[in-house]
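Down below is the structure, laid out as structure tokens.
Below, read A as the first sequence line, B as the second, and so on, with proteins coming before strands; counting in each chain starts at 1.
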Protein chains: 2
Amino acid sequence: MNKPSNTADDILAAGRRFIVAGGYNGFSYADIAEVIGIRKASIHHHFPSKVDLVQTLVRRYLEDAVTGMAELERNVPEPPELLRTYAGFWARCIEDASRPFCVCAMLASELPALPPEVAVEVRAYFQFLSGWLTGVIERGAGQGALTISAAPRVEAEAFMATVHGAMLSARAYGDTAAFATIMTPTLQKLIPGIQ
Amino acid sequence: MNKPSNTADDILAAGRRFIVAGGYNGFSYADIAEVIGIRKASIHHHFPSKVDLVQTLVRRYLEDAVTGMAELERNVPEPPELLRTYAGFWARCIEDASRPFCVCAMLASELPALPPEVAVEVRAYFQFLSGWLTGVIERGAGQGALTISAAPRVEAEAFMATVHGAMLSARAYGDTAAFATIMTPTLQKLIPGIQ
DNA sequence: ACGAGACTACCAACTAGTAGGTAGATTATG
DNA sequence: CATAATCTACCTACTAGTTGGTAGTCTCGT
């Protein structure tokens, strides 16, 4: 069922690691060529330009998020647990250094300097994520399972902002546990009845 | 009282604008030379290397924050108003596009790819800011003027994370008002007795 | 006369991207 | 079945332009 080793996918995976570490201008075709063991020109065969490469990468990142969230909602139906699982997912990714930062959060920070084709994909990711969180929070508040003090959309934006800011702090301090430390009280304020 | 036009300061100011827009790798000596109207080589006279330039820039950014916060505390003594004024400062900076992002939040995002001399300065900024916020929140909670559900240090980290994440969202959406929209309920959760 | 601050003129290394070619697999056709 | 055409995936070798940085010179105010 799993596809054979594919160079294009290897390039995208390497590109993702580089973007997570240093952003759009933090890597070159030469860097990718070296880590996956092919020549620079061969990357151009798969992705004619750097814009193509990063555009494809971000588009696939969003697709993965869409299917990931759908599966998450199938496995974890309750809104409070959904938020906790989402935050826990990132806590693990950061702690085991497998995905120490969100690709789109990284790219969003340098949005004014990004090629417009990439910028539009990054914006789409933010819109999807905030839309998904709005739905979860709206449902949770309707059930009385979440305590909110503003409109679901606004609470969702605040939650998403805290997640991204917590990633940033964990990185700034070089302390992977900082993410969970920040998210715990944030979740507690939304979920009633736990101390 | 105000110093005469100083090229070194002009270089730092231009560098700051470029970093805010696109990070450490998002600008070159040539870019700075062009906007301030001197030759590339003349910048090396003031800052021998790019590391020197950015290190000086971030160090001064922290110094300005230290004196700025001290002055803020002299003018606005009450913790709730202090937090509101701090958030309001950034809201204005973002809305009038004068400082659409925090230099150190920007650099922190690409910390793993940063020269270590710069990284250490960025870390120092985060430590100062979280320390200052911890003090304000601790004092406010002691007076009963702020409602907190975790240790002051943790509340301060969460507040700072939300500020940085809200900047990121405002940038991602291209909507300067998003920052204030996110910060309003965040402040309301901390400040009792307002609806 | 001297130093600060600017200049011209370089440099090696790196950037994304191109040109042209090769080996091998796949597909179409007589 | 054979063979010709095409395609995929890579290669070497190159381009024009940019990167941070250096060396040496000119100019101007004190």
Side-chain angles (χ1 to χ4, degrees), chain A residues 3-19 21-58 60 106-107 110 112-119 121, chain B residues 3-60 103 106-107 110 112-119 121-122:
Chain A
K3 292 172 201 157
S5 167
N6 179 247
T7 305
D9 288 347
D10 292 348
I11 294 168
L12 290 174
R16 199 186 58 212
R17 285 196 302 274
F18 279 121
I19 288 175
Y24 187 87
N25 292 307
F27 73 101
S28 71
Y29 270 44
D31 293 325
I32 293 182
E34 202 192 334
V35 299
I36 70 167
I38 58 169
R39 295 301 162 135
K40 203 166 63 77
S42 308
I43 302 176
H44 284 284
H45 169 74
H46 296 278
F47 303 99
S49 76
K50 198 178 182 182
V51 170
D52 290 317
L53 167 49
V54 177
Q55 198 178 18
T56 307
L57 192 154
V58 177
R60 194 159 306 181
M106 193 71 213
L107 292 173
E110 40 186 6
L114 243 42
E117 301 94 319
V118 175
E121 305 291 341
Chain B
K3 293 171 199 158
S5 166
N6 178 247
T7 304
D9 289 346
D10 292 348
I11 293 169
L12 290 173
R16 200 186 59 213
R17 285 196 303 273
F18 279 122
I19 288 175
V20 164
Y24 187 86
N25 292 308
F27 74 101
S28 71
Y29 270 44
D31 294 324
I32 294 182
E34 201 193 335
V35 299
I36 71 168
I38 58 169
R39 296 300 164 137
K40 207 164 61 80
S42 307
I43 302 175
H44 285 283
H45 172 74
H46 297 278
F47 303 98
S49 77
K50 198 179 182 182
V51 170
D52 290 318
L53 167 50
V54 178
Q55 197 177 18
T56 307
L57 192 154
V58 177
R59 214 171 265 170
R60 193 159 305 179
V103 166
M106 193 70 214
L107 292 174
E110 40 187 7
L114 242 43
E117 301 95 320
V118 175
E121 305 292 340
V122 170

inquiry  = Quick test of your reading: applying side-chain hydrogen bond (donor to acceptor under 3.5 Å, both in side chains), list the pairs with at least one residue in residues 33-42 of chain A, sequence neighbours left out, ordered by first then second residue.
reply    = none
C/dG5 OP1/OP2 closer than 4.0 Å to side-chain N/O of B/H45 = yes
message = In whole Å, I'd like the distance from the CD1 atom of A/I11 to the P atom of D/dA9.
response = 10 Å
inquiry  = Whether B/S42 contacts C/dC7 is assessed here as follows: a side-chain N or O lying under 4.0 Å from the phosphate OP1 or OP2. Is that the case?
reply    = yes
key: Residue pairs involving residues 43-53 of chain A (criterion side-chain hydrogen bond (donor to acceptor under 3.5 Å, both in side chains); sequence neighbours excluded)   = A/S49-A/D52
ask   = Taking CG from A/N6 and P from D/dA9, how many angstroms apart are they, rounded to a whole number?
value = 7 Å
request  = Report yes if at least one side-chain N or O of B/S28 is closer than 4.0 Å to OP1 or OP2 of D/dT18; otherwise report no.
outcome  = no
Could you go over nucleotides 21-24 of chain D and give all protein N or O partners under 3.5 Å, atom names and distances?
{"from": "D/dG21", "atom 1": "OP2", "to": "B/K50", "atom 2": "N", "distance (Å)": "2.7"}
{"from": "D/dG21", "atom 1": "N7", "to": "B/H44", "atom 2": "NE2", "distance (Å)": "3.1"}
{"from": "D/dG21", "atom 1": "O6", "to": "B/K40", "atom 2": "NZ", "distance (Å)": "2.8"}

message = Checking A/E121 now: which residues fulfil side chain to side chain contact (heavy atoms under 4.5 Å, CB included) with it, not counting sequence neighbours?
response = A/Q55, A/V58, A/R59
message = Measure CZ/A/R39 against C1'/C/dA23 and give the value in whole Å, please.
response = 17 Å
note = side-chain hydrogen bond (donor to acceptor under 3.5 Å, both in side chains) pairs touching residues 16-29 of chain B, sequence neighbours excluded, are B/S28-B/D31
inquiry  = How close do B/L12 and B/L57 get, counting heavy atoms only, and between which atoms?
reply    = O-CD1, 3.5 Å
request  = Would you please name every residue forming a side chain to side chain contact (heavy atoms under 4.5 Å, CB included) with A/A41, sequence neighbours left out?
outcome  = none
